[in-house]
Amino acid sequence: MKNIDFENIVLAQKLFGSQNTNLERIARALDVTINSRGSEVSVSGKPKQVDAASSLIHQLYALLKDDFRLTPPVLDAAINTIRQGHGFPLKDIFSNTILVTARNRVITPRNPTQLSYTNAIKENDVLFGIGPAGTGKTYLAMAMAVAAFTRGDVQKIILTRPAVEAGEALGFLPGDLAEKINPYLRPLYDALYDMLDFEKARAYIEQELIEIAPIAFMRGRTLNNAFIILDEAQNTTSEQMKMFLTRIGYGSKAIVTGDITQIDLPGGKRSGLVEAKKILTRIKGIGFVQFSKEDVVRHRLVSDIIDAYEKNK
C-alpha cells in the first residue's frame, strides 16, 4: 500500500474528480484499490500496479499545479501511457501545446507516439503518419497546420483526400460533381471547424486561404508556402502519390496520413502509400511515424475492435 498526501486540497479534489470518478477510473484501469479522505489517497494492490497508479496520480497532480485541464479523454490517454510502461513523463507529453482552439480547448499530444509525430512534423518537409483509425494522425496534422497558418509560417492550408468508391458508386450519388465529392471531404471540414471559429474558417475557405479538395485537383500545380495534408492516403494509386509529392514547392510542408489495413482501391491497383513506405524511407527530409492500436485515443472500444479484427485475419 502507498499513501499520498497533497498539500493543496482544491487541486486534489480536481484530481479525484466529482464523487471520486477519476480515482475510480484509475483504479479500474490499473487493477488497484484507491481510497481517499480529504486530500489524502491510499493505493493498494499488487506492487507493480500500485507503483503505476501512484506514479500516475503524482504526475497528474503536478500537471494540475500548472493549470492543466484534466478531461476524461486526457485521463484515459494518461492511464494508457502509464499502463504501457513507457516510462515517459506525462508532463513532457501534455505540456506541448499545439493549438488553442476557438472554443479555448488546448490541443496537445496524448501519448509518446503522438509527441514523436508532432516533433517529426516540425523536423521534416514531408512526413508520413501511418497507422489505424483513431490514433490522431489527421487531427494532429490539422492542428499543426492551423497553428502554422495563424503564426504566419505558411500562407495557405491545403487539405486533400482521394475520392475512392469504398463500396459505394460515386456516379450514382445525387448532385453535381462538387456535391458528389463533398461527403468524402466532410471529415476534414469537421476537424477544421473544431479548431477555428466557424465564420472565420468559412471566410478563409472563400478566400482560398484554406482549400479542401480531392487529390485529382492537385494535378499540374506547384504548391508554395503551404501546409498540405493528404488524408486517407492508402487509397491513392501509385501515380496519384507520385503526382502529389511532386507538387510540393518552396516553403511548403506535406503530411501524408493513412491506414494500410483499410485499402479500398479496386483489385489490381497498388496503394501509393504502401509503395511510398517501401521506396522513400532513406531520403533525407522525409520522415515516417508508425502508429499502433495502443496509440488509439478515441473511445476505448476502438482499440478493442481493431485488435479483434487483427486476430480474425
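All values reported here derive from a predicted model rather than from experimental measurement.
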### Task
Examine the side chains of E294 and S292 and answer whether a donor and an acceptor come within less than 3.5 Å of each other.
yes
### Check: F68 ring centre within less than 6.0 Å of F94 ring centre
yes
### Task
Please round to the nearest 0.5 Å and tell me the distance separating atom CZ of R83 and atom CG of D76.
8.5 Å
### Query
Sub-3.5 Å donor-acceptor pair from the side chain of D197 to the main-chain atoms of K200, do we have one?
yes
### Message
I'd like to know if Y250 and L209 are part of one continuous hydrophobic network [Ile/Leu/Val/Met/Phe/Trp/Tyr, side-chain heavy atoms within less than 4.5 Å].
### Response
no
### Query
Are the side chain of Q13 and the backbone N or O of V10 linked by a donor-acceptor pair below 3.5 Å?
no
### Task
Report the relative orientation of the aromatic rings in F198 and Y193; use parallel for angles under 30°, tilted for 30 to 60°, perpendicular for over 60°.
tilted
### Query
Hey, which of V297, I130, D295 is the one that makes side-chain contact (heavy atoms from CB on, under 4.5 Å) with T135?
D295
### Message
Closer than 3.5 angstrom, by distance alone: can the side chain of K253 be matched with the main-chain N or O of I121 as a donor-acceptor pair?
### Response
yes
### Query
Does the side chain of T97 pick up a donor-acceptor pair with the side chain of T108 at under 3.5 Å?
no
### Task
Name all pairs fulfilling the salt bridge (charged side-chain N to carboxylate O under 4.0 Å, His left out) condition that reach into residues 211-233, sequence neighbours left out, sorted by first residue then second.
K156-E211, R161-D231, R161-E232, E211-R221
### Task
Indicate whether any N or O donor in one side chain lies under 3.5 Å from an N or O acceptor in the other, for E275 and S238.
yes
### Query
T222 side chain to G249 main-chain N or O, any donor-acceptor pair under 3.5 Å?
no
### Query
For atom CZ of R105, is the number of surrounding heavy atoms from other residues, nucleotides or ligands below 6.0 Å larger than 12?
yes
### Message
Run N111 and T81 through side-chain hydrogen bond (donor to acceptor under 3.5 Å, both in side chains) and show every step you take.
### Response
CA-CA 6 Å; N111 55 49; T81 295; 5.8 Å; no
### Query
Do V100 and L196 belong together in a cluster built from hydrophobic side chains that touch within less than 4.5 Å?
no
### Query
Judged by atom type as modelled, is there a donor-acceptor pair below 3.5 Å linking the side chain of S95 to the main-chain atoms of K91?
yes
### Message
Tell me whether E40 contacts the main-chain N or O of D5 through its side chain, where contact means a donor paired with an acceptor under 3.5 Å.
### Response
no
#### Entry: Joint hydrophobic cluster, L15 plus I9, side-chain heavy atoms closer than 4.5 Å
no
#### Entry: Side-chain H-bond candidate by donor/acceptor type, Q114 with T118, under 3.5 Å
no
### Query
Does the S252 side chain pair with the main chain of I248, one donor and one acceptor, at a distance under 3.5 Å?
no
### Message
Hydrogens and angles aside, do N8 and Y61 bring a side-chain donor and acceptor to less than 3.5 Å of each other?
### Response
no
### Query
Applying salt bridge (charged side-chain N to carboxylate O under 4.0 Å, His left out), which residue pairs with at least one partner in residues 47-64 are found, sequence neighbours left out?
K2-D51
### Message
Just checking Q207: does its CD atom have more than 12 heavy atoms from other residues, nucleotides or ligands closer to it than 6.0 angstrom?
### Response
yes
